[in-house]
Amino acid sequence: MKNLAYQPALFLLRKGEADQVKNPTSMKKLFLILISILFWTCITQAKRIYVDDSNNSGIENGLPQHPFNTIEEGIDAANAGDTVIIAAGNYIPDDSWSGNDHTLLLKAGVKLFGESRDNTIISGMVVDEEVSNLAVTLQNLRFDGFNFNRPSHPGPFGEQNVIRNCATGQIALAFGAGYPVNDTTPGPNYGFDIADNELEPEGSIEFKQGGGVSVMNVTGNHCGSIQLKSGGGYTYLIDNNTVQYGIWDKSGANTTTISNNLIINGTITDKSGGNQYGLEDEIIENNTITANEDSPAFIEEDLKAAINVSSRSATIRNNSITCHGHVSGIHSKAGAPLHILNNTISLEEVQSQTPDPEDDVIGIFNYSGWGYVKGNIISGGSYGYFSKAGTSEYANNTIENAYSGFWSMGAEEVHDNTIKNCKRDGLILNGLRGPVYSNQIIDNGGAGIRVLRPNIDLGGGLHNCSGNNTITGNGNFDLYIEAGGSQYPFLYACYNTWDHADTLDVLQYDVYDGSDSMGLARVNFTPYAGLSTPEMSEALSVDIFPNPTYGEIFIGGSGISDKLVSVEIADISGKTIPFFYANTGLKGIEINFILAPPGIYFCRIVVDNKLVTRKIIKF
């Protein structure tokens, strides 16, 4: 049958016409025919070869009745496409490789199937250093370690190499790079499917090959670590593994998904090349990570974090993180985009902070390019969130029981977050560009919002911010202005809910600003939101302008037209100051209090027995 399969090709070589032999196109067609015949011959003639070390009959031919009694004999008798079936037993190979005298050398294209990884044992290393584009398979076997050390090959590569349901100490893949397609695109290379293997607690799955284009699946394994140290061009799926210490990606620019893994005591660290095109090609999602301060995973790391990212880009989402001791949740110094979404982070509560936040225990440390931080739940730590990033939006996050809740000098638009029960300040704004709106900042031990540089809109300012922040129950003022300057003499915080409803009470008890310590920014915090003065009528429209002013104002609006009106101006202590009417008419009242010193004043307007209070800032 084999001779018949080759006869047409041999006939052409012997009997072909001269122009067919000499014509390059005809020769190319002839070559393809030969390759096709060889391929289909291998497939149709693929066979099973049996090995059983208990066969001591003296008759060995690889058939089920008379199996070979060494794996080497089975491999020697196999051709590409064949499967060697290995019975339970303890097989001791006798080849040498890299100082290992008990090494089993594989043959490309041959599959090895054991009876069970519990009882089909190769007492030594398994090595593939063939020069070939054909894949190998190892399944249901136990061996000391596997090394795939092939040189570069032009391919094509038809199948993935498979290591499935085996028990071993190490899987190391260190093959050559793919032949490049051009100066910037790596060429095709060996793919791998590494699934459902049981490695020793210290055992690793390690990729350290040159760049190439293929798919690498690492799924369902139990191991000590998974390490990607390859060149670029690959597509990695690291999914549903149980890992003792961690997953490290220090590869080139690949498309990598690290998902659904259980990290028992360690980290996911991504220091890969990523891309420079703004694409999401580094995904860390749906992992469950427990990280202890004394984990061996952190011996060679610069810092301790459950997820540590410094790749060109990353998306970190839906991970569950629990940290014990001096370990942060997510630490990022990635490029862009950097999205941190819907993670749950539990840290130990701390009683103090270090001078350098990078040395602190932080829920999310963000020092990255643009992106989104949304939907995260953070508990404990020195800071819930610490940012020096270009993040576009910080929204729908919850921080509680941290020492300080939120610190940012980035570009975030901060909205719809809850920051509560922190030991010190809730929201610390150090040059954050904002705006800040619709947040719940409640029951923190320090200030609700502490402003270190007041170029921020908390409501009614430059960004037309809607305010609507609830800032209540905080121990040291709801809003505390710590620094100011001539560049930003005013801070707008209108339409927010404070602890108090009365304007003077808000000024005295809820807001610390320039009226308390001259030189700080002065706050415009009226009108209120939910706790606005109850005397105000929704139908009453009263306007005061200009505000701020040098001392001349006009009180107008439909609310005072043709109505009985009385006006009183008081300083922050409640003392009435003298003023005079410049003009009174049907459309409003002009008032002059230019002789009063600069500061914050309150204009109380009574219209038909309804009281309206407006804050006035005087230069």
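Here the structure is a predicted model, which means the values were calculated and not measured.
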A.B. asks: Is a side-chain N or O of T168 found less than 3.5 angstrom from the main chain of F143, in a donor-acceptor match?
C.D. replies: yes
A.B. asks: Enter the distance from N149:CG to Q209:CD here, rounded to the nearest 0.5 Å.
C.D. replies: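 The CG atom of N149 sits 11.5 Å away from the CD atom of Q209.
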A.B. asks: Tell me the closest heavy-atom pair linking N189 and G210, and the distance in Å.
C.D. replies: ND2-O, 4.2 Å
A.B. asks: Side-chain contact, heavy-atom cut-off 4.5 Å: K229 with E206?
C.D. replies: yes
A.B. asks: Can you find a heavy atom in the side chain of I238 that is under 4.5 Å from one in the side chain of L228?
C.D. replies: yes
A.B. asks: Are the side chain of S328 and the backbone N or O of D360 linked by a donor-acceptor pair below 3.5 Å?
C.D. replies: yes
A.B. asks: With rounding to the nearest 0.5 angstrom, report the CZ to CG distance, F298 to N308.
C.D. replies: 9.0 Å
A.B. asks: Indicate yes or no: at least one non-hydrogen side-chain atom of I247 is less than 4.5 angstrom from one of I263.
C.D. replies: yes
A.B. asks: For the pair N318 (side chain) and E285 (backbone), establish whether a donor and an acceptor sit closer than 3.5 Å, ignoring hydrogens and angles.
C.D. replies: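 No.
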A.B. asks: Output, in order, the C-alpha distance, side-chain angles, deciding distance and verdict of side chain to side chain contact (heavy atoms under 4.5 Å, CB included) for I316 and D270.
C.D. replies: CA-CA 11 Å; I316 306 169; D270 185 352; over 6 Å; no
A.B. asks: Quick one: does S251's side chain get under 4.5 Å of Y234's, heavy atoms only?
C.D. replies: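 No, side chains not in contact.
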A.B. asks: Report, as yes or no, whether the 6.0 Å neighbourhood of atom NZ on K271 holds more than 12 heavy atoms from other residues, nucleotides or ligands.
C.D. replies: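 More than 12 within 6.0 Å, yes.
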A.B. asks: For C323 and A306, work out which heavy atoms get closest and say how close.
C.D. replies: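 Scanning both residues completely, I find the closest heavy atoms to be SG-CB, 4.1 Å.
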A.B. asks: How about T137 and F113: do any of their side-chain heavy atoms sit closer than 4.5 Å?
C.D. replies: yes
A.B. asks: Would you please classify the geometry between the Y372 ring and the H339 ring as parallel, tilted or perpendicular, with 30° and 60° separating the classes?
C.D. replies: parallel
A.B. asks: Salt-bridged, E358 to K388, with N to O below 4.0 Å?
C.D. replies: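 Salt bridge between E358 and K388, a charged N being under 4.0 Å from a carboxylate O: no.
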A.B. asks: Could you walk me through whether D196 and N165 pass side chain to side chain donor-acceptor pair (under 3.5 Å), step by step?
C.D. replies: CA-CA 5 Å; D196 304 320; N165 201 31; over 6 Å; no
A.B. asks: Answer whether the closest heavy-atom distance between the side chains of L138 and L106 falls below 4.5 Å.
C.D. replies: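 A side-chain contact under 4.5 Å exists here.
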A.B. asks: Taking the six-membered ring for Trp, are F192 and F148 ring centroids under 6.0 Å apart?
C.D. replies: yes
A.B. asks: Treating T269 as the side-chain partner and W248 as the backbone partner, does any N or O pair qualify as donor plus acceptor under 3.5 Å?
C.D. replies: no
A.B. asks: Among T256, N217, T255, V218, whose side-chain contact (heavy atoms from CB on, under 4.5 Å) with Y236 holds?
C.D. replies: T256
A.B. asks: Evaluate side chain to side chain donor-acceptor pair (under 3.5 Å) for D356 paired with T354, printing each intermediate quantity in order.
C.D. replies: CA-CA 5 Å; D356 184 358; T354 64; over 6 Å; no
A.B. asks: In this structure, which one of D239, N241, N261 forms a side chain to side chain donor-acceptor pair (under 3.5 Å) with N221?
C.D. replies: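 Option passing the side chain to side chain donor-acceptor pair (under 3.5 Å) with N221: N241.
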A.B. asks: Could you check Y383, F365, Y385, F386 and say which one makes a ring pair (Phe, Tyr, Trp, His ring centres under 6.0 Å) with H331?
C.D. replies: F365
A.B. asks: Assess whether side chain to side chain donor-acceptor pair (under 3.5 Å) is satisfied between N342 and R317, documenting all intermediate values.
C.D. replies: CA-CA 6 Å; N342 303 315; R317 61 191 177 208; over 6 Å; no
A.B. asks: How long is the straight-line distance from CG of N254 back to OG1 of T257, given to the nearest 0.5 Å?
C.D. replies: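 The CG atom of N254 is 11.0 Å from OG1 of T257, to the nearest 0.5 Å.
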A.B. asks: How long is the gap from CG on L141 to CD1 on I122, to the nearest 0.5 Å?
C.D. replies: 5.0 Å
A.B. asks: Would you say N265's side chain and N292's backbone share a donor-acceptor pair under 3.5 angstrom?
C.D. replies: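 Present.
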A.B. asks: With no hydrogens and no angle check, do the side chains of E60 and N69 hold a donor and an acceptor under 3.5 Å apart?
C.D. replies: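 A pair is found: one side chain offers a donor N or O, the other an acceptor, under 3.5 Å apart.
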A.B. asks: Report the relative orientation of the aromatic rings in F157 and Y190; use parallel for angles under 30°, tilted for 30 to 60°, perpendicular for over 60°.
C.D. replies: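 F157 and Y190: perpendicular rings.
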A.B. asks: Report the C-alpha separation of N260 and N240 in whole Å, then their side-chain angles, then the decisive distance to 0.1 Å, and conclude whether the side chain to side chain donor-acceptor pair (under 3.5 Å) test is met.
C.D. replies: CA-CA 5 Å; N260 302 300; N240 198 35; over 6 Å; no
A.B. asks: Is there a side-chain contact between D118 and R142 in this structure, where contact means two heavy atoms from C-beta onward sitting under 4.5 Å apart?
C.D. replies: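 Yes, at least one pair of side-chain atoms sits under 4.5 Å.
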A.B. asks: Identify the heavy atoms of A297 and T267 that sit nearest to each other, and give their distance.
C.D. replies: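 Heavy atoms only, the tightest pair is CB-CG2, 4.1 Å.
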A.B. asks: Start with the C-alpha distance between H102 and W97, add both sets of side-chain angles, then the distance that settles ring pair (Phe, Tyr, Trp, His ring centres under 6.0 Å), and finish with yes or no.
C.D. replies: CA-CA 8 Å; H102 300 292; W97 176 85; over 10 Å; no
A.B. asks: Please check if any side-chain donor atom of Y50 sits under 3.5 Å from a side-chain acceptor atom of Q65, or the reverse.
C.D. replies: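 Absent: no donor and acceptor within the cut-off.
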A.B. asks: Taking N376 for the side chain and I340 for the main chain, is one N or O donor matched with an acceptor at less than 3.5 Å?
C.D. replies: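 It does hold such a pair.
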A.B. asks: Counting only N and O atoms by type, is there a donor-acceptor contact under 3.5 Å from the side chain of S311 to the main-chain atoms of S272?
C.D. replies: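 Side chain of S311 to backbone of S272: no pair is present.
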A.B. asks: Using a 6.0 Å cut-off, check whether atom OH of Y367 has over 12 heavy atoms from anything other than its own residue.
C.D. replies: no
A.B. asks: Keeping D359 on the side-chain end and P357 on the backbone end, is there a donor-acceptor pair under 3.5 Å?
C.D. replies: no
A.B. asks: Could you please spell out the steps behind the side chain to side chain contact (heavy atoms under 4.5 Å, CB included) verdict for N197 and I205?
C.D. replies: CA-CA 10 Å; N197 300 287; I205 299 172; 5.8 Å; no
A.B. asks: Of the non-hydrogen atoms in K47 and N79, which two are nearest, and what is the gap between them?
C.D. replies: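 Heavy-atom minimum between the residues: NZ-ND2, 3.6 Å.
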A.B. asks: State, to 0.1 Å, how close S313 and A336 come at their nearest heavy-atom pair, and which atoms those are.
C.D. replies: CB-O, 3.6 Å
A.B. asks: For the CD atom of E200 and the SG atom of C223, what is their distance to the nearest 0.5 Å?
C.D. replies: 11.5 Å
A.B. asks: Any donor-acceptor pair under 3.5 Å linking the side chain of N319 with the backbone of I284?
C.D. replies: yes
A.B. asks: Strictly below 4.0 Å, N to O, side chains only: are E130 and K107 in salt-bridge contact?
C.D. replies: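 No, this pair does not count.
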A.B. asks: Quick check: does any side chain N or O of Y245 sit under 3.5 Å from a backbone N or O of P296, one acting as donor and the other as acceptor?
C.D. replies: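 Looks like no, no N/O pair under 3.5 Å.
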A.B. asks: For the residue pair L112 and L104, establish whether any side-chain heavy-atom pair is separated by less than 4.5 Å.
C.D. replies: yes
A.B. asks: Could you tell me which non-hydrogen atom of M216 sits nearest to which non-hydrogen atom of Q160, and how far apart they are?
C.D. replies: N-NE2, 4.4 Å
A.B. asks: How far apart are the C-alpha atoms of S259 and L237, what are their side-chain angles, what is the distance that settles it, and do they pass the side chain to side chain contact (heavy atoms under 4.5 Å, CB included) test?
C.D. replies: CA-CA 8 Å; S259 57; L237 174 63; 4.1 Å; yes
A.B. asks: For S116 and N140: C-alpha separation, side-chain torsions, deciding distance, then whether side chain to side chain contact (heavy atoms under 4.5 Å, CB included) applies.
C.D. replies: CA-CA 5 Å; S116 166; N140 304 332; 5.6 Å; no
A.B. asks: Report yes or no: do S57 and N55 form a side-chain donor-acceptor pair below 3.5 Å?
C.D. replies: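 Yes, because at least one side-chain N or O of S57 sits under 3.5 Å from a partner of the opposite role on N55.
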